[in-house]
Amino acid sequence: MRLAWYALGGGLGHLQRALAVLRWLRPHLGAQAPLLLTSSAYAHLALAEGVPCVRLPGAHEAQALPDGVAAGLVAAALAALGPLDCLVVDTFPEGLHDELGAEVLAAAAFKVLVARPGGGTPETSPAWACYDRVVAPLPEAPWPGAEAVGWVLTRRPGEALAAPDARLRLGLAPVGDRPLIAAMHAGDPGEVLGLFERVAAAAARLSEPHDLRLFTPLPLNGWLLDPRVVHPWPAGELLEAVDLLVSGGGYHSTAEAAAFGVRTLQVAFRRSHDDQATRLGQGPAVAQASWGVAEWAEALGAALAAPRPAPAPPAETDGARRLALILAEALR
């Protein structure tokens with residue numbers, strides 16, 4: 001059984017979704033390992049999980065290449081894999097570089113689109129009709145004919161560390177009465193540094209005693225010896241200990257906050273292929289990257305004071321396992 005998973009996109013989200021599903025799917029594949037196509041700077045996480053991967057140009061890298069080169073490299077990689085039993089494409093029906101035309105997709109016997117807002121719709125995507133199955137990694141599907149499986153998580157609440165163990169992993173006492181603020185981001189290092197600097201400066205102005213941890217998968221220049229910076233993966237293992245999660249408005253931080261019932265403060269970053277600002281809206285728990293420290297401190301205080309939301313029902317957090325079962329059935 002030959003399975004390829006197309007997980008091209010910026011940051012960590014596309015890669016995380018693939019690894020979350022493949023964790024459940026691999027027992028159904030026998031000795032045949034799935035192949036992951038990624039443009040993430042965090043491809044080492046796939047290798048650490050034993051998932052072979054090929055790194056291909058992302059949207060930012062494509063801008064530095066002559067027109068058509070990035071698309072040609074991806075199409076050539078898929079052609080070199082030979083006939084596929086199954087191709088899973090995450091988010092972009094035509095591919096990140098518009099390279100997944102009908103001829104390229106025809107090389108796979110069964111095609112699955114993991115569709116989420118920001119990647120195309122049946123009305124705007126000519127390739128949408130080429131897929132045999134469309135799955136929405138959401139509690140409800142936004143499009144007719146798409147099957148909602150629930151949030152795709154690297155760890156569900158029942159699989160996470162208990163709060164005392166998570167706090168120990170973060171260098172804190174197992175029990176404490178100070179709320180824990182966690183800022184989480186994986187993307188361009190400059191963007192990560194900017195977010196962490198704002199959050200750290202704003203948190204220092206809070207009158208309420210608290211603890212602060214900054215989650216990112218890679219070391220950051222200038223913060224290498226700062227005990228507040230940690231590099232956990234998957235970060236969802238530690239969320240039982242978190243009282244307030246500050247993050248970009250990406251899929252996984254949104255999904256994990258909903259699953260674990262964590263207060264959030266989200267900031268929308270500009271993306272070439274995703275309108276985060278529209279998706280997040282202008283609600284009270286949305287921060288602006290242009291804010292000064294005083295505005296950030298006020299937003300942190302208000303978010304901490306808000307009631308803790310109820311965790312999502314378990315049926316809405318089982319997307320990784322359910323999507324794996326769909327793929328296993330298709331491969332059989």
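What you see is a predicted model; the values in this text were computed from it and never measured.
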Taking all atoms of both residues into account, what is the closest heavy-atom pair of [X] and [Y], and its distance?
X: Leu8; Y: His97; result: CD2-NE2, 4.1 Å
X: Ala162; Y: Glu240; result: C-CB, 4.4 Å
X: Ala141; Y: Ala148; result: N-CB, 3.5 Å
X: Ala258; Y: Trp151; result: CB-NE1, 4.0 Å
X: His185; Y: Thr216; result: O-OG1, 3.0 Å
X: Ala59; Y: Leu96; result: N-CD2, 3.5 Å

Do [X] and [Y] share a hydrophobic cluster (ILVMFWY, side-chain heavy atoms under 4.5 Å, transitive)?
X: Val192; Y: Val267; answer: yes
X: Leu331; Y: Val114; answer: yes
X: Trp143; Y: Leu113; answer: yes
X: Val262; Y: Ile181; answer: no
X: Leu81; Y: Val74; answer: yes

| query | Between Arg133 and Phe110, is NZ or CZ placed under 6.0 angstrom from the six-membered ring centre and within 45° of the ring axis? | reply | no
| field | With sequence neighbours excluded, residues passing side chain to side chain donor-acceptor pair (under 3.5 Å) with Ser253 | value | Ser247
| Salt bridge flag under 4.0 Å for residues Arg156 and Glu256 | no
| Between Glu61 and Arg55, does at least one N-O distance fall below 4.0 Å, as a salt bridge requires? | yes
| task | List the steps and the verdict of side chain to side chain contact (heavy atoms under 4.5 Å, CB included) for Glu208 and Arg178. | result | CA-CA 8 Å; Glu208 180 182 2; Arg178 294 155 56 105; over 6 Å; no
| side chain to side chain donor-acceptor pair (under 3.5 Å) contacts in which one or both residues fall within residues 220-229, not counting sequence neighbours | Asp226-Arg228
| said: Taking side chain to side chain donor-acceptor pair (under 3.5 Å) as the cut-off, I'd like each qualifying pair that reaches into residues 294-313, sequence neighbours left out, listed once. | reply: none
| request: For Glu159 and Thr154, run side chain to side chain contact (heavy atoms under 4.5 Å, CB included): C-alpha distance rounded to whole Å, both residues' side-chain angles, the deciding distance at 0.1 Å, then the answer. | output: CA-CA 9 Å; Glu159 300 173 313; Thr154 52; over 6 Å; no
| Side chain Tyr6, main chain Phe92, donor-acceptor under 3.5 Å | no
| message | Taking the six-membered ring for Trp, are Tyr42 and Trp233 closer than 6.0 Å centroid to centroid? | response | no
| Working for side chain to side chain contact (heavy atoms under 4.5 Å, CB included), residues Gln16 and Leu19 | CA-CA 5 Å; Gln16 277 210 134; Leu19 293 179; 5.9 Å; no
